[in-house]
Amino acid sequence: MLDVSFDVDTVRVLLHIVAVCVWVGGQIVVGALVPAVRRTHPEALPSIAKAFGRIAWPFFGLAVFTGIWNMVSLPDTSAGWNALLGIKMLLVAISGAGAWLHQTTDRASVRGASAGLAFLTSLAALVMGVMLSG
């Protein structure tokens, strides 16, 4: 029988979900806004990007921290589960690297490709997280 309680596990999972929502959801929102802002107020894009970074990066860090906390809080897991977790961790690292590259490059082609890479890998990591949650 399943039981309901509010405990440290609830807080841990809640923090992880909120952090992932901000990281992945923020990429979706900003990605959707950029074309419109580029057409109407292109001078505003650097300010918008910096503002998003001030919010997104701490939540990315929180997602990584709570993800590690989740891993050490789990009971025994299967080899398949561990393999999927390893792939998810790789995707999270690629997502962070892609976002960092997007933020630091001046080349438009690299900026577009790295933004796409960051988004797709973060979305794939989110899907795997749902799969791992059982």
Hphob cluster co-occupancy, Val92 + Ile28, side-chain heavy atoms under 4.5 angstrom: yes

Where is the tightest heavy-atom contact between Pro35 and Ala32, given as atom of each residue plus distance? CD-O, 3.5 Å

Hydrophobic clustering (ILVMFWY, side-chain heavy atoms < 4.5 Å, transitive) - are Leu123 and Leu132 grouped together? yes

Does one side chain, of Thr10 or Asp7, offer a donor that lies under 3.5 Å from an acceptor on the other? yes

One should read off an interatomic distance between Met71 CE and Met89 CE, to the nearest 0.5 angstrom, of 4.5 Å

Working to the nearest 0.5 angstrom, can you tell me the gap between Ser133 OG and His16 NE2? 10.0 Å

Mind checking whether Leu15 and Phe65 have side chains closer than 4.5 Å, heavy atoms only? no

Rounded distance [0.5 Å steps], CG in Asn82 versus OG1 in Thr77: 3.0 Å

Enumerate the residue pairs fulfilling salt bridge (charged side-chain N to carboxylate O under 4.0 Å, His left out) with a member in residues 12-28, sequence neighbours excluded, ordered by first and then second residue. Asp9-Arg12

Give a yes or no on whether Leu120 and Met128 share a hydrophobic cluster (residues Ile, Leu, Val, Met, Phe, Trp, Tyr; joining criterion: side-chain heavy atoms under 4.5 Å apart). yes

Leu33 vs Ile48, test: side-chain contact (heavy atoms from CB on, under 4.5 Å). Steps then yes/no. CA-CA 10 Å; Leu33 293 175; Ile48 291 169; 6.0 Å; no

Does Trp100 offer a backbone N or O that forms a donor-acceptor pair with the side chain of Thr104 under 3.5 Å? yes

Which atom of Ala118 lies closest to which atom of Ala99, heavy atoms considered: CB-N, 3.5 Å

Going by side chain to side chain contact (heavy atoms under 4.5 Å, CB included), Val64 matches just one of Thr66, Ile68, Leu62. Which one? Ile68

Where Leu117 and Thr121 come nearest, the two heavy atoms and their spacing: O-OG1, 2.7 Å

Test: salt bridge (charged side-chain N to carboxylate O under 4.0 Å, His left out). Region: residues 45-60. Which pairs qualify, not counting sequence neighbours? none

Are Val20 and Leu74 grouped together when hydrophobic residues (ILVMFWY) are joined by side-chain heavy atoms under 4.5 angstrom apart? yes

Is there a donor-acceptor contact under 3.5 Å from the side chain of His102 to the main chain of Ser114? no

How far apart are the C-alpha atoms of Val18 and Phe59, what are their side-chain angles, what is the distance that settles it, and do they pass the side-chain contact (heavy atoms from CB on, under 4.5 Å) test? CA-CA 8 Å; Val18 169; Phe59 278 94; 4.0 Å; yes

Reported SG-to-CG distance for the pair Cys21 and Leu126, which is rounded to 0.5 angstrom: 7.5 Å

Qualifying residues under ring pair (Phe, Tyr, Trp, His ring centres under 6.0 Å), relative to Trp81, sequence neighbours excluded: none

Are Trp23 and Phe60 close enough, and set up right, to give a ring-ring contact (aromatic ring centres under 6.0 Å, His included), and what steps lead you there? CA-CA 6 Å; Trp23 179 253; Phe60 180 78; 4.5 Å; yes

Expected output: side-chain Thr105 to main-chain Arg111 donor-acceptor under 3.5 Å: no

Considering all heavy atoms, the nearest Gly96-Trp57 contact: O-CH2, 3.4 Å

Answer yes if Ile94 and Leu101 sit in the same cluster of Ile, Leu, Val, Met, Phe, Trp and Tyr residues linked by side chain heavy atoms under 4.5 Å apart, and no otherwise. no

Which value, rounded to the nearest 0.5 Å, describes the distance between Leu91 atom CG and Ser95 atom OG? 8.5 Å

